[in-house]
Amino acid sequence: MSGASNSWVDVPTTAVDTSGSYSVSAWVKPSSLTGNQTYASIDGNAISPFYLQLTSGTFAFTARSSDSTSATWKQVTGGTPATGTWYHLTGVYDNSAHTIALYVNGTLQGTTAFSSPWKATGHTTIGRAKWNGGNVDFASAAIDDVRMTPRALNAREAYALGTGAAGYYQLDEGSGQTFSNVLGNTADGYQEGHTTWAGSGKVGGDSLAFDGSAGTMGVIPASVIDTGQSYSAGAWVKLNSVSGGNQTFAGLVGFKVSPFYLQLSGGKFTFVTRAADTNNSTATIVTATSSASTGTWYHVLGVYDSGAQTISLYVNGTLQGSASFSSPWTARGATLIGAGTYNQGPVDFTNGQIDNVHFYNRVLSTSEIQALAAG
């Protein structure tokens with residue numbers, strides 16, 4: 001978008017009902033920081049009901065109380081943007097809490113009370129807003145991946161969007177046999193074997209429960225991440241047993257083996273990578289410094305850094321160790337929760353609960369890892 005009055009996108013439908021809960025998000029790379037610039041909105045007759053925008057050199061989510069230029073307004077601001085840098089913005093209106101909130105790069109900037117939403121019925125716009133019946137606030141920016149959702153996103157969902165997750169599975173459905181990816185970029189996962197809903201979780205209201213029996217796992221029919229490049233994979237786990245064989249919490253399916261196993265082995269959390277898609281390929285292993293206990297929630301995360309050619313393991317946000325690894329390969333099969341793959345079949349079935357599974361096609365920073373481990 002150039003900032004000119006003819007440089008914007010019209011979507012000839014009303015994306016969400018702005019009289020109820022909704023969320024709007026976008027990736028933006030400002031070219032200019034002057035004036036008001038609205039990245040996403042919906043047209044009313046006279047004005048827009050909300051403005052996800054730049055104003056006075058900072059990001060803002062602004063909501064108006066009626067379709068009139070004299071309407072009162074509430075606003076949440078945050079961030080210190082620079083030109084030429086990508087930022088992720090999410091604005092949320094929660095009709096139950098009667099609040100609006102703004103997230104920048106997944107971090108909450110603030111909330112404020114707002115209890116006078118109204119339903120706009122016009123077109124959805126990208127790169128401008130409406131004021132006094134006319135088009136205004138033309139954006140001078142690159143804008144990507146605009147989303148409008150007819151509910152209030154929670155903080156974890158906003159964090160996943162704002163940090164560019166490749167896959168984020170809250171596992172809060174609580175009923176049925178499927179579970180969804182917040183990002184919406186993969187098909188729903190499904191339960192196999194004796195997998196059930198636990199009725200409680202570490203983050204949110206539920207999680208998946210596994211009994212360790214053969215064939216009991218969650219299956220996502222897609223390779224959520226590219227394991228031939230940098231990646232991070234993490235989950236919350238609470239174990240029923242820490243003895244016996246390996247228990248894998250997350251992995252991908254290769255032809256013969258998984259490219260990585262985020263797991264419990266020998267009573268300790270481990271992150272294991274395989275150098276090739278063969279049964280006898282070399283395994284590189286990083287092991288936690290302390291043994292795990294039953295009945296306790298742990299955040300376990302593995303990282304492969306292609307630049308440094310290392311793998312690392314974090315437990316509850318704390319680095320357990322790193323090891324050299326220079327032979328990654330890309331698995332093309334499904335993604336498993338609660339099991340891994342060896343000799344062309346599922347193995348290492350988890351006996352416990354798994355919650356809030358997240359995948360990234362990049363190395364996470366220490367602060368991002370600690371934020372995920374904060375629950």
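Note that these values count all heavy atoms, side chains included, but never hydrogens, waters or copies made by symmetry.
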Val357 side chain reached by Tyr168 side chain, heavy atoms, under 4.5 Å: no

From CA spacing to verdict: side chain to side chain donor-acceptor pair (under 3.5 Å), Asp137, Thr38: CA-CA 5 Å; Asp137 298 353; Thr38 295; 3.2 Å; yes

Shared-cluster residues of Leu364, by chain and number - hydrophobic side chains joined below 4.5 Å: Tyr159, Leu301, Val303, Tyr314, Leu319, Tyr360, Val363, Ile369, Leu372

Thr341 (side chain) donor-acceptor with Val253 (main chain) under 3.5 angstrom: no

With sequence neighbours excluded, residues passing ring pair (Phe, Tyr, Trp, His ring centres under 6.0 Å) with His358: His299

Donor-acceptor pair between Thr296 and Ser293 side chains, under 3.5 angstrom: no

Under 3.5 Å donor-acceptor pairs involving side-chain atoms of residues 99-108, not counting sequence neighbours:
from   : atom 1 : to    : atom 2 : distance (Å)
Asn105 : OD1    : His88 : N      : 2.8

Show me, pair by pair, the donor-acceptor contacts under 3.5 angstrom made by side chains of residues 72-86, not counting sequence neighbours?
from  : atom 1 : to     : atom 2 : distance (Å)
Thr72 : OG1    : Ser65  : OG     : 2.8
Lys74 : NZ     : Ala113 : O      : 3.0
Gln75 : NE2    : Thr62  : OG1    : 2.8

Of Ile220, Asp188, Asp172, the residue whose pairing with Ser180 passes side-chain contact (heavy atoms from CB on, under 4.5 Å): Asp188

Arg274 and Ser281 side chains, donor-acceptor separation under 3.5 Å: yes

Flag side-chain contact, heavy atom, 4.5 Å: Gln170 against Asn154: yes

Residues that Arg362 engages under salt bridge (Lys or Arg N to Asp or Glu O under 4.0 Å), provided they are two or more places apart: Glu368

Side-chain heavy atoms of Leu153 within contact of Leu161, under 4.5 Å: yes

Qualifying residues under ring pair (Phe, Tyr, Trp, His ring centres under 6.0 Å), relative to Tyr87, sequence neighbours excluded: Phe59

Connected hydrophobic set around Phe138, excluding itself, where side chains approach under 4.5 Å: Trp8

Working for side chain to side chain donor-acceptor pair (under 3.5 Å), residues Arg332 and Ser223: CA-CA 6 Å; Arg332 305 293 186 185; Ser223 303; over 6 Å; no

Worked verdict on Ser32 versus Thr34 for side chain to side chain donor-acceptor pair (under 3.5 Å): CA-CA 6 Å; Ser32 167; Thr34 60; 3.0 Å; yes

Flag side-chain contact, heavy atom, 4.5 Å: Val9 against Met1: yes

Sequence-distant partners of Glu173, salt bridge (Lys or Arg N to Asp or Glu O under 4.0 Å), two or more places apart: none

Mutual orientation of the aromatic rings belonging to Tyr169 and Phe359 [parallel < 30°, tilted 30-60°, perpendicular > 60°]: perpendicular

Tyr93 and Phe114 aromatic ring geometry - parallel, tilted or perpendicular at 30°/60° bounds: perpendicular

Contacts of type ring pair (Phe, Tyr, Trp, His ring centres under 6.0 Å), residue Phe325, not counting sequence neighbours: Tyr304

pair Leu313-Thr287: side-chain heavy atoms closer than 4.5 Å: no

Nonpolar side-chain network containing Trp236, other nodes, edges under 4.5 Å: Val203, Trp297

Residue pair Thr350 / Gln247, side-chain donor-acceptor N/O under 3.5 Å: no

Residue pairs fulfilling side-chain hydrogen bond (donor to acceptor under 3.5 Å, both in side chains) with at least one residue in residues 120-131, sequence neighbours excluded: Asp10-His123, Asp43-Arg128, Arg128-Asn135

Side-chain donor-acceptor pair present, Ser306, Gln229, cut-off under 3.5 Å: no

Apart from Tyr342 itself, residues in the same hydrophobic cluster as defined by side-chain heavy atoms under 4.5 Å: Val257, Tyr261, Val272, Ile285, Trp329, Val347

